[in-house]
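Structure record follows, encoded as structure tokens.
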Amino acid sequence: MAATPAESPLPEKTDVDLEAAEAEVARLTERILALRDEYYGGNASTVSDADYDAMVRRLDELERAHPGLQKQDSPTQTVGGRAQTTLFAPVTHAERMLSLDNVFSEEELAEWAAKVVRDAGSHTVRFLSELKIDGLAINLRYEHGVLVTAATRGDGVVGEDVTQNVLLMGTIPERLAGHDHPPLVEVRGEIFFPVAAFDELNARQLAAGERVFANPRNAASGSLRQKVENKSVEKVRLVRERIAGLRMLVHGIGAWPVAELERATGATTQSEVYEVLRGWGLPISAHFRVFDRLEEVAGYVREYGGNRASVEHQIDGIVVKVDDLGLHEELGATSRAPRWATAYKYPPEEVNTKLLDIVVSVGRTGRATPFAVMQKVEVAGSEVRQATLHNQQVVKAKGVLIGDTVVLRKAGDVIPEVLGPVIELRDGSEREFVMPEDCPECGTRLRPAKEGDIDLRCPNARSCPAQVRGRVEHIASRGALDIEMLGEVSAAALTQPFEPAEPPLATEAGLFDLTVDDILPIRVVVRDPETGLPRQNADGTPRLMTPFQRTVKKEVVPSARAVGMLRNLEDAKTKPLWRFLVGLSIRHVGPVAARALADHFGSLDAIRAASREELAAVEGVGGIIADALLEWFQVDWHVEIVERWSAAGVRFSTPGHAGPGAAAAAGGVLAGITVVATGSLEGFSREGAQEAILAAGGKAASTVSKKTDFVVAGPGAGSKLGKAEALGVRIIDAAQFAVLLEHGPGALDGGAVGPADGGAGEQTAG
DNA sequence: CACCCTCGAGTTCA
DNA sequence: CTCGAGGGTG
């Protein structure tokens, strides 16, 4: 759909040329493609290579002369049948790459199997079991047996092009072996870094003074994402070497209808498909097995559970698939995973490590949180050195002492959690953690917010550096003003003293008054990300860095970060009122309450002038939030924030708002409808989807409940989708969502309304 | 009084 | 993304 060039009126005679050229382009394109199919189809070519090349050259010439005629899929854009691809360009998979449902116990596995057997009716079900590789999912697109693109999984619909790097691996065939390849087939598999090669790589990195990789998975991901251009010859050699160390194992196909697959290859089972793939020269795991009985599958699961280290790659769990392809079709898939396969996930790995210390940190709300500092250790695929301990009661309850060997795991495979001490390994040197009485950052006596609270807080909200830093970070965060170039590092730099000066920001009141002169001289201590300790120069003085200046020809000028941040701040002044409300860190006022207040009152002045009753009358605001607002405005330095921001040009009002009580335009196609969006939705950003729901008069909730009318689920949807299914809430996709926004819920009818039983009628893959 | 919902914190890696 | 805490609503 390239736009027709309409900028300059063409002389008339060119129209004739253009017509002739267009005809010739079409003729050449067709001929070249036909010849290419012939060639890659394995047949003898009917023209000489020279003639073929001449045709391609002529086509190229014409396309250059008339750029409007060039099609995306033109043969000139492809080489030897493979598109000239750009590293990391988006690639749409021909068939959606689904994920797998998980089971976490043999019971759940048995439940899954029982359901499959039940749904299979009279068919005999055999199970194929294979190792679940902890690597990167990759989709290889072969057309007529020629590799066209290799792409990462991405969100399942669109991935990133990594063809160039995959080809460097050397083990992925550019041309499939054998004959009679389908016009299009996608081969799915996993790219990984063999554990042994990984250890070698890290040893080399260490010797070279380079950073080491946390785990094989990251190393694989990092290697595949290397760009070769603009690198020295030496670097390029290293990159190639690393990529050459990657391996791939394939475990499935896509975009080739089963009926055609069976006709072409005779394969009727997944295991036979593996033989076909092996015949094509693709790497297949040696560890898969086919079983008749579930008990055997469970045995397989146990066997590898005890020997996870015995295989060349990291094992995530076991994938169990129904072997019969006919059953795949019959069982189908939900919107995110096939019903004919499931992944048995091994329980989260638990490891022992040393508890070196318990340190207390203070967040933006002043809450003092103790966290464990441990000997760095690898758990479930990443390295961990810290874990929260929530509060002193939790520390006591877990019974851990500083110096203990502790058991660590990752809850939900993500959040590190200290389970408890290994008491037998105590030697008497351990000591108990004592909650500090004073704020570790500013020395103010800690105290509970109210009588009986377990959490201790630093009451020095105005000038505790930790809290000021936290609030500045919060103001800039995505949920508030979304100031891109003001992140963790800049927030810290702005709020910390640097010798010999005071910090540019004593509180957030001065945020919009910052000038280049204020920030240019800022110097911050460089800390080692590993230890958190200041880095030192050779002479023992702490190493300093100046984030907001750079030196050009011996002249000190503002850095890109400085210029960008100040411009971002300037631009932020016009952001909507509710974002400023969120940024003020008023207790209980998050994005939802802030929006309600902004819609109702239209300006901060109106909110400030409102009584407790008037505030509490706003939907979603009750007495407690009303009190929190009133109390907030009682504090002098809070008022100063508002005044100084106003003076700097912040409006604190919604233009055109009629004033207090003005009801937001009711009506709209989604009036009274609650919608929850989850996963990535084509055509919408996460926030964009919420905005669209609100704009249509609907309610955008963040959690699924009985009151939810619709859940819009895209690829990557997590637990919310499951919850929606459980509650029988109607699930729609991005396309239906667009219809919903445009025409309202009535337009979606024709499908099932209300509780859908078990999600019948979902489209199946393929 | 029983849900249902929002807030806030923590973590890790690309 | 997940959880716990605590507020709001019916």
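Order of the sequence lines fixes the chain letters, A, B, ..., with proteins taken first and strands second; residue numbering starts at 1 for each chain.
- Residue pairs meeting the salt bridge (charged side-chain N to carboxylate O under 4.0 Å, His left out) criterion with at least one member in residues 461-478 of chain A, sequence neighbours excluded: A:Glu441-A:Arg469, A:Arg462-A:Glu640, A:Arg471-A:Glu508.
- Note on A:Ser221: every side-chain N or O is 4.0 Å or more away from OP1 and OP2 of B:dC13.
- The residue among A:Val384 and A:Arg587 whose nearest nucleotide of DNA chain B is located toward the 5' end is A:Arg587.
- A:His390 has its NE2 atom 16 Å from the P atom of C:dT2, to the nearest Å.
- When distances are taken from the side chain of A:Thr388 to each of B:dA9, B:dG10, B:dC7, the shortest belongs to B:dG10.
- Proximity of A:Arg225 to the phosphate of B:dA14: no side-chain N or O atom is located under 4.0 Å from OP1 or OP2.
- Computed from coordinates, the A:Glu488 CD to B:dT12 C1' distance equals 12 Å when rounded to whole Å.
- Heavy-atom distances under 4.0 Å link DNA chain C to A:Gly622, A:Gly623, A:Ile624, A:Ile625 of residues 622-635 of chain A, given in residue order.
- Take A:His588 and apply the ring-ring contact (aromatic ring centres under 6.0 Å, His included) test, not counting sequence neighbours, and it matches no residue.
- One interatomic measurement links the two molecules: CZ of A:Arg457 to C1' of C:dA5, which rounds to 11 Å at whole-angstrom precision.
- Spacing between atom CZ of A:Arg385 and atom P of B:dG10 amounts to 18 Å, rounded to whole angstrom units.
- The number of heavy-atom neighbours closer than 6.0 Å to CD of A:Glu484, taken from other residues, nucleotides and ligands shown, is 12 or below.
- Spacing between atom CG of A:Asp709 and atom C1' of B:dC5 amounts to 15 Å, rounded to whole angstrom units.
- Considering only heavy atoms from C-beta on, A:Leu486 stays 4.5 Å or farther from A:Leu481 through its side chain.
- In this structure, the nucleotide among B:dT12, B:dC7, B:dG8 sitting nearest to the side chain of A:Pro416 is B:dT12.
- One atom, CZ of A:Arg471, and another, P of B:dG8, lie 13 Å apart when rounded to the nearest Å.
- Here the nucleotide nearest the side chain of A:Val592, chosen from B:dG8, B:dG10, B:dT6, is B:dT6.
- For the ring pair (Phe, Tyr, Trp, His ring centres under 6.0 Å) condition, the pairs that include at least one residue of residues 613-635 of chain A, sequence neighbours left out, are A:Trp632-A:His638.
- Applying the side-chain contact (heavy atoms from CB on, under 4.5 Å) test to A:Val373 and every residue at least two apart in sequence or in another chain returns A:Asp357, A:Val359, A:Phe371.
- Atom CD of A:Glu473 is separated from atom P of B:dT11 by 14 Å (rounded to the nearest Å).
- Of the candidates B:dT12, B:dC7, B:dA9, B:dC7 carries the atom nearest the A:Pro591 side chain, counting heavy atoms from C-beta on.
- Phosphate proximity of B:dG10 to A:Thr369: present, with a side-chain N or O under 4.0 Å from OP1 or OP2.
- Between A:Ile586 atom CD1 and B:dC7 atom C1' the separation is 14 Å, expressed in whole Å.
- Not counting sequence neighbours, A:Phe710 has no partner by the ring-ring contact (aromatic ring centres under 6.0 Å, His included) test.
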